[in-house]
Amino acid sequence: MTSLESTLDALKLHFGDRLSTTEAVREHHGHDMSRQPTRLPDAVVYAESEDEVARVVSACFEAGIPVTPFAAGSSMEGHTIPLKGGISLDLTRMNQIVQVNHEDFDVQVQAGVTRKQLDAHIRDTGLFFPIDPGADASIGGMASTRASGTTAVRYGTMRENVLALRVVTPQGKIITTGRRTKKSSTGYDLTKLYVGAEGTLGVITEVTVKLHPIPETIASAVCAFETMRGAVEAVVATIQSGIPVARIEFLDEVAVEAANRHAGLTLKLAPTLFLEFHGSPRWVEEQSNTVREIADEFGGSDFEWSTRTEDRERLWKARHETIYSNRTLRPGCKAFTTDVCVPISRLAEAVLAAREDIDNSFVIGKIIGHVGDGNFHVGYLIKPEIPEELAEAERLAERLYQRAIDMGGTFSGEHGIGISKLKYLRREHGDAIDMMNAIKAAIDPKGIMNPGKLGQVE
Ligand SMILES: Cc1cc2nc3c(=O)[nH]c(=O)nc-3n(C[C@H](O)[C@H](O)[C@H](O)COP(=O)(O)OP(=O)(O)OC[C@H]3O[C@@H](n4cnc5c(N)ncnc54)[C@H](O)[C@@H]3O)c2cc1C
């Protein structure tokens with residue numbers, strides 16, 4: 001009997017049906033939302049408590065078996081694919097809200113709680129959790145990918161919003177990183193080390209995140225522009241004027257067409273900004289008027305704003321679902337979706353160059369973005385099974401990444417590295433990669449946590 005078989009047999013005694021080796025369950029855990037091919041784990045274990053996580057990880061450490069944490073599976077770059085087999089550790093059943101601390105504006109949740117679940121739970125407290133990656137991702141998964149989304153321009157990313165973590169280390173020990181305070185200067189910041197570690201340094205079991213007061217008034221707005229340059233320059237001018245927009249999202253003409261077809265909207269086919277303002281009624285109106293004036297200056301027209309919840313929900317639903325709308329543009333395609341982030345002063349240049357690359361290629365592509373913080377997504381609508389199309393998308397993506405790096409930006413603002421972007425990591429970080437590898441080797445000496453990814457770059 002191999003050590004894998006004997007470890008699975010031993011775990012089966014405790015987990016029973018919560019340890020599965022069926023094809024369907026392994027298949028579900030063998031991919032994420034990326035274009036990367038599926039790779040099956042040998043088994044899937046559903047943990048229901050921190051002790052159970054520690055039990056699985058200790059057993060795997062003992063036997064040298066790979067463990068890949070798996071939550072909502074919504075990551076975009078192959079993060080959850082168990083490259084070396086082993087156990088996919090499913091955390092979705094660890095979904096308890098541990099403690100809401102209204103007076104301190106924070107909440108402790110188990111890692112598998114999803115952001116929509118958290119929002120529903122705290123709605124009556126007058127507080128909300130702002131980070132909104134579109135998908136109903138888990139808080140543990142969002143911490144692990146250092147996620148953000150449409151509201152990061154105002155409220156920050158997971159990096160700014162995670163206060164503390166409980167983590168099962170690769171040896172199966174349970175540690176706490178951070179406190180519930182706004183500040184601490186006591187030692188290495190292990191919380192930040194785990195935020196964005198993509199499951200390669202241990203398993204997060206509990207997360208303490210900041211909450212924010214629900215704004216008195218929320219207004220949304222849409223504005224179409226004559227040109228892409230005008231739309232993006234209006235964003236830059238808005239940010240540089242210090243207007244605290246809560247959301248400012250760009251959709252190019254192709255993305256608007258996709259949103260119209262998918263969500264039944266009737267937006268003008270033009271580069272468009274979706275915006276949101278938070279504050280008192282007067283303050284929201286003031287912000288909105290100032291942005292309207294800026295938009296006018298850059299060729300914006302039909303600036304429509306509304307404080308009606310249904311208008312707002314319809315707009316953001318359409319925005320979030322643009323990722324599912326690709327097939328309305330090209331039936332049978334799978335988007336090669338990627339993201340970069342540049343300093344705001346280089347945004348217009350970066351977006352226009354990305355568009356020009358697509359226009360000069362035989363591949364269709366669309367650009368959408370959380371442009372308020374310099375972050376935008378490009379989706380190449382390809383059929384990955386056609387090698388020329390995949391190679392062309394890789395070529396365009398590589399140009400996009402290199403350009404972002406050359407501008408002082410990063411080749412991922414929020415989706416992270418997973419498998420797809422590993423080969424570019426050294427271009428951005430240079431010799432700092434050796435330090436990342438050393439950290440991985442020190443914390444996970446047997447390399448069992450999500451192997452073949454971050455921390456093991458050649
Ligand atoms: C429609 C759509 C829109 C999206 N938009 C955005 C966006 O705007 N911004 C953005 O940032 N992302 C976006 N994403 C990507 C995705 O939602 C995020 O990457 C999210 O943070 C992943 O969370 P998850 O729970 O799905 O994690 P998973 O995909 O299950 O896992 C992600 C990674 O984290 C690790 N992991 C998961 N849970 C734990 C844990 N408890 N402990 C340790 N490691 C763990 C996994 O091993 C894996 O490496 C989008 C995805 C979709 C489908």
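Whatever order the structure lists them in is the order used to number ligands and atoms, beginning at 1.
- The two residues Leu201 and Leu193 make their nearest non-hydrogen contact at CD1-CG, 3.8 Å.
- With sequence neighbours excluded, the residues satisfying side chain to side chain contact (heavy atoms under 4.5 Å, CB included) with Thr22 are Ser20, Val25.
- Annotation: side chain to side chain contact (heavy atoms under 4.5 Å, CB included) contacts of Leu83 (sequence neighbours excluded): Ile419, Lys453.
- Listed by chain and residue number, the protein contacts of ligand 1 are Met33, Pro69, Phe70, Ala71, Ala72, Gly73, Ser74, Ser75, Met76, His79, Thr80, Leu91, Ala111, Pro133, Ala135, Ala137, Ser138, Gly140, Gly141, Met142, Ser144, Thr145, Ala147, Ser148, Gly149, Glu198, Gly199, Gly202, Val203, Ile204, Ile323, Tyr324, His370, Glu414, His415, Asn450 (heavy atom within 4.0 angstrom).
- In this pair, Trp316 and Phe274 present their aromatic rings perpendicular. The plane angle is above 60°, beyond the 30 to 60° band.
- Checked against salt bridge (charged side-chain N to carboxylate O under 4.0 Å, His left out), Arg26 has the following partners two or more places apart in sequence or in another chain: Glu23.
- A donor-acceptor contact closer than 3.5 angstrom is absent between the side chains of His370 and Asp339.
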